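Below is one structure, written out as structure tokens, with a few remarks after it.
Lettering of chains follows the sequences in order, A, B, ..., and the numbering in each one begins at 1. As the structure is a prediction and not an experimental result, all values here were calculated from the model.
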Amino acid sequence: MLRLLTLIFLGWMPLQLLAQDGTAQLQQLMAKWNLVKDYTVQVNIRSEIPLIKSFPVKATLYFKQKDQFRMVSKGIAILPKQNFNELPKFLQQKDRYTALITGSELIQNQKTTIITVLPSDDSGDLVLLKVWIDSKTDLLLKSQTTTRSNGTISALYEYGSQRAVGLPDKMIFTVEVKKFKIPKGLATDINRSSSPDAAKPTPKNGKITISFADYQINKGIKDEIFRK
Amino acid sequence: MLWNSVYNEFIKITAKPRSYLGLLAITVLVGVILFALKVDGKSMISFVTSSFEQTLSFEGELLNGNLVAFIVLQMLIIHIPLLVALVTGDLVSGEAASGTIRMLLTKPISRTQVLLSKFIAGAVYTLCLIIWLGIMAVIIGKLLFGNGDLMVLNSDGLVILQEQDVNWRYLGGFAVAFLALLTVSTLSICLSCFSSNSIGPIVLTMAIIILFTIIGTLDVQLFDSIRPYLFTTHMASWRSFFEEPLPTADIIKSVIILLAHQVLLIGLALYQFNKKDITS
Amino acid sequence: MPEKIIEVQQLAKRFGTFQAVKEVNLTVYKGDVYGFLGPNGAGKSTTIRCLLSLIRPDQGQIRLFGQSLAAHRNAILSKTGSIIEKPDFYKYLSAYQNLAIFSRISGANVSRKEIEAMLDFVGLAGREQDKVAGFSHGMKQRLGIAQTLLHQPELIILDEPTTGLDPQGIIDIRNLILRLRDEQGKTVLLSSHLLAEMELIANRMVIINKGKTVVEGEVSNLLNAEELVVQLEIDHVPAAKQWIESHMPKVEIISTTANHLELAIPKSRLPELNKSLVEQGFQIYAIESKRKLEDYFIKMLQADVVE
């Protein structure tokens with residue numbers, strides 16, 4: 001009998017753990033974010049994407065509550081499709097998802113709680129969202145977004161001077177590239193005497209590193225800036 | 001005496017209405033392309049980036065003067081040879097057809113100097129065409145579309161070149177494009193030495209370019225050994241300046257092959273022109 | 001001995017299977033107006049083009065101004081002016097521009113004023129800026145002469161210069177050639193089909209046929225200036241003919257028509273013939289001197305054929 005009860009308890013606990021609501025942790029995360037009404041930051045974007053050769057690009061990022069966002073870059077910057085504004089924007093809409101704590105993991109030597117966010121709308125583009133939140137500091141250390149149209153994009157977050165308000169110093173995105181194809185005929189060199197190295201396999205993932213510096217927080221930003 | 005003859009050739013070229021056809025054609029063609037890009041350039045870019053845009057987004061001004069100039073060059077560089085040959089193909093055979101070759105070759109100037117002066121004048125005309133193309137494509141393009149990074153689609157992927165890194169590439173690209181067109185000019189003048197009618201060398205020059213281009217694109221093993229030495233294979237070498245890293249060895253190879261063609265063609269033309277009996 | 005300006009020896013040129021020139025020999029001295037005669041296809045144009053380095057001969061030697069053409073082409077051509085058949089110009093350029101273009105490569109420093117003066121000389125004053133496309137044939141011929149003389153050449157080679165000209169134009173060319181020789185001491189080599197003109201101006205000549213020299217020499221020696229060919233317009237031609245044959249055997253009857261009698265007669269006996277015929281009651285309406293060169297030319301060609 002005791003064995004049976006032990007077995008039931010041991011089986012029930014994980015289930016309870018799995019079923020635990022992660023909304024509270026998300027709220028704590030968003031409470032940090034909500035301290036920021038607006039900010040301006042200088043960013044440096046470095047892309048390492050297969051089939052794309054580019055140089056680091058400097059840009060200025062503007063953000064204003066609740067979802068005004070604009071990047072101004074002199075050059076051409078490559079960003080992940082689901083970029084850093086989409087995640088907070090989605091998480092603000094509490095009625096659109098269910099958040100469940102589904103585990104824990106060590107990231108950057110910090111213990112994190114894994115929260116799986118399931119969208120309420122099955123037909124939407126977003127299929128699954130997972131966030132890794134530092135248990136002690138309530139900072140977002142990793143996210144993983146899976147959409148029907150864009151596949152899975154992962155992001156790692158590093159913090160520095162603005163950890164108190166949850167603004168990272170660095171974000172490292174990993175994107176899937178297996179669907180990339182070169183459209184023939186438009187810009188290909190028809191007289192190319194050597195063909196690309198077909199034997200070399202194309203990596204399946206690419207990396208985009210965004211570094212943030214010189215945050216100007218809650219200094220006020222005019223709405224005109226967000227109009228192109 | 002050579003430079004007197006070169007000056008004469010300039011006068012003749014600038015006096016012929018046909019010489020301005022090339023410049024007018026470039027103006028109109030580039031104008032049409034610029035207009036089309038201004039109206040609907042963004043959808044053209046979408047076609048190029050569509051495969052990448054499933055996972056990525058491109059921020060910044062993609063459609064800018066640098067890209068527009070690249071597109072113009074890409075579209076027109078295969079047509080410019082005709083505009084070159086239209087004038088240079090007539091330099092010798094046109095004089096034979098009109099009879100002025102008789103007057104010219106009874107003067108105390110060697111046939112070699114007469115022909116070299118035509119090559120030089122042809123080269124200057126070709127340079128004028130390419131400079132005009134550059135002005136229309138790059139300068140007018142930047143005036144209309146502004147400056148910015150250049151996004152280029154090569155056969156091995158997308159390359160994004162920084163704005164400050166583009167101008168010298170255009171200079172180099174235009175220089176190599178000039179060399180390629182100079183080869184066309186040299187070819188047409190050489191053919192002109194074998195003909196006594198105006199149209200023949202022009203048509204034959206274009207026929208050779210088309211034939212060599214087809215040989216260059218056919219994926220047939222038989223042509224593999226000759227393809228690297230056809231001048232048409234290297235007519236698109238200007239694009240190499242928009243690759244990263246810069247394929248210096250390939251560019252040098254193209255320059256050498258194009259120069260070798262010119263030396264060969266000039267040699268052949270001099271031989272034919274010097275031994276030719278003027279009976280017309 | 002006058003200076004030899006042109007010396008051609010054993011000249012030969014073949015085009016494919018056609019032997020255009022077999023064996024042409026000629027010599028032109030300084031100050032000559034040298035007639036270059038021959039039927040169509042005789043090789044005149046080919047020879048002239050060889051002299052001007054337009055055609056490279058297969059064999060033979062060409063020396064101008066005492067120098068080999070092959071070795072001193074530019075120096076020779078700087079002293080030579082020429083018109084080959086019809087002068088061709090750049091139609092899209094003006095008369096002035098055309099002359100400027102050719103003068104620039106003629107080896108002489110020709111100024112704007114000199115070009116304008118030359119245009120005036122040939123009767124094209126006021127037409128400097130007109131495009132050659134609008135010029136008549138006669139105007140182009142004048143421009144051709146201007147182009148030939150602009151750099152003050154010592155030797156002038158004219159290949160059929162009177163082709164297409166009206167009678168006044170022909171006279172103008174004749175007078176010009178004589179002026180060039182008499183006033184400027186220039187040497188002229190002239191080929192033409194107008195034998196009458198040639199007879200009037202040439203002092204030396206060569207006749208070629210089928211690529212070979214037939215005869216060359218002083219015109220006066222070749223044509224025997226003491227003998228005339230005259231045409232009488234006379235009544236009773238048969239009777240007149242009979243009387244001449246019986247009373248003046250040295251007079252050669254060449255031909256007769258209903259009203260005309262053509263005969264060859266020593267110059268000194270013409271007055272006697274005229275007087276005698278009148279005394280015999282014949283009515284002479286006209287005495288016209290016919291061209292001897294024409295006859296000579298035809299005789300030479302026929303002799304060459306026979307040979």
Region of [X] that comes under 4.5 Å of a non-hydrogen atom in chain B:
| X | value |
| --- | --- |
| C/Arg104 | both |
| C/Leu52 | both |
| C/Lys79 | neither |
| C/Ser78 | both |

Practice item. Apply the test side chain to side chain contact (heavy atoms under 4.5 Å, CB included) to residues B/Thr100 and C/Asn98: give CA-CA distance (whole Å), side-chain angles for both, the deciding distance (0.1 Å), then the verdict. Key: CA-CA 10 Å; B/Thr100 49; C/Asn98 268 282; 5.8 Å; no
Return the [atom1] to [atom2] distance between [X] and [Y], rounded to the nearest 0.5 Å.
| X | Y | atom1 | atom2 | result |
| --- | --- | --- | --- | --- |
| B/Thr106 | C/Leu51 | OG1 | CG | 12.0 Å |
| C/Arg49 | B/Ile278 | CZ | CD1 | 8.5 Å |
| B/Lys107 | C/Ser103 | NZ | OG | 9.0 Å |
| C/Asp88 | B/Ile101 | CG | CD1 | 11.5 Å |
| B/Arg111 | C/Ser53 | CZ | OG | 6.0 Å |
| B/Ser98 | C/Tyr92 | OG | OH | 7.0 Å |

Point to revise | Minimum heavy-atom distance between B/Pro108 and C/Gly107, given as atom pair plus value | key: CG-N, 4.0 Å
Study note, to complete from the structure: C/Gln147 and B/Met103 have their tightest heavy-atom pair at NE2-CE, 3.3 Å
**Study point:** Exam field: side chain B/Asn8 to backbone C/Ile101, donor-acceptor pair closer than 3.5 Å
**Key:** yes
Check your understanding: Does C/Arg73 reach the main-chain N or O of B/Ile109 with its side chain, forming a donor-acceptor pair under 3.5 Å?
Key -> yes
Practice item. Report yes if the side chains of B/Ile11 and C/Tyr90 come closer than 4.5 Å at any heavy-atom pair, otherwise no. Key: no
Revision key, fill the gap. Honestly, the part of B/Lys12 sitting under 4.5 Å from a heavy atom of chain C is both
Point to revise | Contact leader toward chain B among C/Ile84, C/Thr46, C/Asn74, C/Leu77, where contacts are heavy-atom pairs under 4.5 Å | key: C/Asn74
Are there more than 12 heavy atoms of other residues, nucleotides or ligands under 6.0 Å from atom [atom1] of [X]?
| X | atom1 | answer |
| --- | --- | --- |
| C/Arg14 | CZ | yes |
| C/Gln67 | CD | yes |
| C/Phe15 | CZ | yes |

